[in-house]
Asker: 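Pasting a structure here, questions to come.
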Amino acid sequence: MPIFVDSDDVRWSWTPRDPKFISPTIRELLAEDFGPEAEFYLCNRQPFVVYPDLDYATDWSAYPVREVHPFYPILHGQKVSEAEFRKLVQAKHAI
């Protein structure tokens, strides 16, 4: 059975990143407050921040941090405190 899509319902567009954009450093990102909704995970010895209400997660194992599927650290990792997360990230990036 074919699926029909009304072209008026499709309003998605992609804008390329500005080539002059430079991601904030890990040190700059750690200086910011994560907020009370952030949860911290360790999965395969890699640090992750998960925002369950936003269905959003980031992997902090390399620079720049990258978005990952939020279920990955939740299902395969263990929850850690923010202090443990910060300590691990600082050690991993020699800060």
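Predicted, not measured: the structure shown is a model, and the values here were computed from it.
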Asker: Hydrophobic clusters here meaning ILVMFWY residues chained together by side-chain heavy-atom distances under 4.5 Å, can you tell me if Val65 and Phe34 are in one?
Answerer: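 They do share one cluster, since a chain of ILVMFWY contacts under 4.5 Å joins Val65 to Phe34.
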Asker: Between Pro52 and Glu37, is any pair of side-chain heavy atoms under 4.5 Å apart?
Answerer: no
Asker: Please list all pairs meeting salt bridge (Lys or Arg N to Asp or Glu O under 4.0 Å) that have one or both residues in residues 60-88, counting only residues at least two apart or in different chains.
Answerer: Glu39-Lys79, Asp59-Arg66, Glu82-Arg86
Asker: Can you find a heavy atom in the side chain of Lys92 that is under 4.5 Å from one in the side chain of Arg45?
Answerer: no
Asker: Test side chain to side chain contact (heavy atoms under 4.5 Å, CB included) on Thr58 and Phe48 and set out the steps.
Answerer: CA-CA 6 Å; Thr58 50; Phe48 292 85; over 6 Å; no
Asker: Not counting sequence neighbours, which residues clear side-chain contact (heavy atoms from CB on, under 4.5 Å) with Leu88? List them please.
Answerer: Leu42, Pro47
Asker: In chain order, what residues pass the side-chain contact (heavy atoms from CB on, under 4.5 Å) check against Leu54, with sequence neighbours excluded?
Answerer: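 With neighbours one apart ignored, the set is Tyr51, Tyr56.
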Asker: Going by the rule side chain to side chain donor-acceptor pair (under 3.5 Å), which residues pair with Tyr72 if we only count those two or more places apart in sequence or in a different chain?
Answerer: Asn44
Asker: Any sub-3.5 Å donor-acceptor pair from Glu28's side-chain atoms to Thr25's backbone N or O?
Answerer: yes
Asker: Does anything in residues 48-57 form a salt bridge (Lys or Arg N to Asp or Glu O under 4.0 Å)? List the pairs, not counting sequence neighbours.
Answerer: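 Output for this query is empty, none listed.
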Asker: Measure the shortest side-chain to side-chain distance between Pro19 and Phe21 over non-hydrogen atoms and say whether it is less than 4.5 angstrom.
Answerer: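 Pro19 vs Phe21: side chains apart.
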Asker: Can you sort out the partners of Tyr41 under ring-ring contact (aromatic ring centres under 6.0 Å, His included), two or more places apart, ordered by chain and number?
Answerer: none
